[in-house]
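Written out below as structure tokens is the structure these notes cover.
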Amino acid sequence: EVQLQASGGGLVQAGGSLRLSCAASGFTFNDYTIGWFRQAPGKEREGVSVISTRDLKTFYADSVKGRFTIVSDSAAASVYLQMNSLKPEDTAIYYCAASSHGHIISFPPEPFYELWGQGTQVTVSS
């Protein structure tokens, strides 16, 4: 079965860290684009970070630059989002998504992705 499994969310105090995982199964992980998105209550879903597993090119939303790091582990068929210096405004459900188009030159919008995982809740308390 082709799927993405997101995990690693939880409750953390402001200033703390979490690492989210997005595990892929049922498809060849190489030459894909994997993105992380988030949706806060009452807000639209927004892109957080993206990585190409082809050339490891990455993009970040301005709101997370310098705090979040996205990495890919092809052997584990997983992409990780290391989130440091978390703020209450980072509270959201985080989703990972995959596209079979591995070449990116900017942060692709939602229609670019063909497969979505279930969300994982991240809550940052003040």
Ring centroid separation Trp116 to Phe37 under 6.0 Å: yes

Does Asp55 have any side chain to side chain donor-acceptor pair (under 3.5 Å) partners at least two apart in sequence or in another chain, and if so, which? Ser52

Using a 3.5 Å distance criterion without hydrogens, assess whether the side chain of Gln118 forms a donor-acceptor pair with backbone atoms of Ala6. yes

Within-4.5 Å side-chain heavy-atom neighbours: Thr33 and Phe107: no

Run the side-chain donor-acceptor check on residues 41-49: report pairs under 3.5 Å with partners two or more places apart or on a different chain.
| unit_1 | atom_1 | unit_2 | atom_2 | d |
| --- | --- | --- | --- | --- |
| Arg45 | NE | Glu110 | OE1 | 3.4 |
| Arg45 | NE | Glu110 | OE2 | 3.4 |
| Arg45 | NH2 | Glu110 | OE1 | 3.0 |
| Glu46 | OE2 | Arg38 | NE | 2.7 |
| Glu46 | OE2 | Arg38 | NH2 | 3.2 |
| Ser49 | OG | Phe59 | O | 3.1 |

Looking at every non-hydrogen atom in both residues, tell me the closest pair between Pro109 and Tyr113 and how far apart they are. O-CE1, 3.2 Å

Examine distances only and state if a side-chain atom of Ser85 and a backbone atom of Arg67 form a donor-acceptor pair shorter than 3.5 Å. no

Is Ser21 reaching over with its side chain to a backbone N or O of Gly8, donor-acceptor style, under 3.5 angstrom? no

Test side chain to side chain donor-acceptor pair (under 3.5 Å) applied to Thr123 - qualifying residues, sequence neighbours left out: Gln121

With sequence neighbours excluded, tell me which residues meet side chain to side chain donor-acceptor pair (under 3.5 Å) with Glu114. Ser100

Give a yes or no on whether a salt bridge exists between Asp62 and Lys65, defined as a side-chain N under 4.0 angstrom from a carboxylate O. yes

For residues 73-98, which residue pairs qualify under ring pair (Phe, Tyr, Trp, His ring centres under 6.0 Å), counting only residues two or more places apart or in two chains? none

Residues which pass side chain to side chain donor-acceptor pair (under 3.5 Å) with Ser72, listed by chain and number, not counting sequence neighbours: none

